[in-house]
Amino acid sequence: MRDPELTIPEHRDLVEALAQPLPAVEAPLESCAGAVLAEDVRAAVPVPPFTNSAMDGFALRFDDIAGLAAPVALPVLGDIPAGDAVPRECRPGAAWRIMTGAPMPDGADTVVRVEATDHSPGVAEAPGAVTISRLPERGADVRHQGEAVEPGDLVVRAGAVLRGQELAAAASVGHGALRVHPRPRVLIVTTGAELAAAGDGLAHGQIPDSNGFLLRGLVEEAGGAVAAHLRTGDSPGQLRDALDRAPQADLVITAGGISQGAHEVVRRALGADAGFHRVAQQPGGPQGVGRTRVGSGEAPVICLPGNPVSVFVSFHVYVARALAVMARRLPKRRGITAPRTAPAVAAASWRSPRGKTQFIPLRAASADEAGAAGLSAPSAAPPVPPVAIPVVPVHALGSRSHLVASLPGADFIGVVPPATTRVGPGDQLDVIDCSHRDAAAGGAR
């Protein structure tokens, strides 16, 4: 019996129902990159935590040199390196050699930069005396305790996607762990006896397993974390055993083995766990969704077709923003997982299948291509909507699902309606941006 055919919104509803936001957890800073902050970060310690020198030089009392004319000579009491934990005092009429970030000695309120003295930079031993050739202003090159941040100040707001700069800010104000919504752990499964490991020699009938790398990159770009990548043959028992021994995951994504052939391993192994159907689109018609056992627990499973362009398209159309909901980069509400589109205009001709929505990888047209189509040349910068960017297919074969080597050139996925069988120069269409120029925007989208 032929699988039922669903519309794109009907299938998206099934995927969206699986996308439940992950609860907040306490996590060490080392594992928080890419997670969404669940609670405001407020300073636990001041920044800087103590008054220190902003430059390599000599710490002194400004009153000792006030009103004098250069050169001025002062005895040097010793060295204060960064990290020095011994309390120091600067007595009147003397100075300490001090390094950047080192704590200021009691009594000192000004730093003279080493280049304003007769002391050569890089000399290991502190001199017995120093001659100042250019006198500083009072308080020069001193960073005062708490001048940047006071305890209790708001440093990072809840909802931020944590990048290096947010994690550095949290560490600087005394936090070693944060309460976050973690990145969803995704288990990638690629199937088929025809798959060979990347770089291995190919026997007759074999192809390299490119889908594993494709999905790994797409998952990471969408805010997920790859828990593991399983590669199995065409044995349902082998696939089931691999899932039972897999690490815990928040989502399973499979590629391949879901059509109606005799060796559709995912369909045979997960037939009781997932529903399989067709969607009125090209490429990527076969699709499946459900829940299945993973390790000692259970996880949602999204079953994608096996051809790489179908995987690429299906991920952007259905999975990317579902992952964003799980990661709390997007709010949980009906229809939120539909990809955003922007206007574009065709600068070339191509065919589209009747009765199906075509998702075709596209790139920005060159100035020559746009000009030949009678369109304005694209600017070097990305256009500001609603300006329509001229686009052309990344490959002469259009949206055929095996054209994985052409995907690096794809800036967009064109969306051609089911009633359109031919696109020509000047025709308007919507595109999904798959260049990830705004990947860091996270919840701001």
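Keep in mind that this is a model prediction, so the values were computed, not measured. Counting begins at 1 with the first residue of the sequence.
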Could you list the donor-acceptor pairs under 3.5 angstrom formed by side chains in residues 212-220, with sequence neighbours left out?
{"residue": "Glu220", "atom": "OE1", "partner": "Arg183", "partner atom": "NH2", "Å": "2.3"}

Item to check | Validation row: Leu178, Leu162 side chains within 4.5 angstrom (heavy atoms) | outcome: yes
Item to check | Close side-chain approach of Pro418 and Thr357, heavy atoms under 4.5 Å | outcome: yes
Checklist entry - Quick one: salt bridge (Lys or Arg N to Asp or Glu O under 4.0 Å) partners of Asp40, sequence neighbours excluded? => result none
Next on the checklist: According to ring pair (Phe, Tyr, Trp, His ring centres under 6.0 Å), does anything in residues 149-191 pair up with another residue at least two apart or in another chain? List the pairs.
Outcome noted: none
Checklist entry - With sequence neighbours excluded, what pairs up with Arg245 under the salt bridge (Lys or Arg N to Asp or Glu O under 4.0 Å) test? => result Asp241
Next on the checklist: Once salt bridge (Lys or Arg N to Asp or Glu O under 4.0 Å) is applied, do any residues pair with Asp273, and if so which ones, sequence neighbours excluded?
Outcome noted: Arg240
Checklist entry - Salt bridge or not for Arg340 and Asp433, using N-O below 4.0 Å? => result no
Next on the checklist: In the structure I gave you, are the side-chain heavy atoms of Tyr318 and Val289 within less than 4.5 Å of one another anywhere?
Outcome noted: no
Checklist entry - Is the closest side-chain donor-acceptor distance between Glu16 and Thr337 under 3.5 Å? => result yes
Checklist entry - Just wondering, do Arg12 and Pro339 contact through their side chains at under 4.5 Å, heavy atoms? => result yes
Checklist entry - Looking at residues at least two apart in the chain, or sitting in another chain, which of them share a side-chain contact (heavy atoms from CB on, under 4.5 Å) with Glu115? => result Met55, Arg113, Arg134
Next on the checklist: If you define the side chain from C-beta out and look only at heavy atoms, does anything of Asp411 sit under 4.5 Å from Val391?
Outcome noted: no
Next on the checklist: Do Arg363 and Val392 make a side-chain contact, defined as non-hydrogen atoms from C-beta onward lying under 4.5 Å apart?
Outcome noted: yes
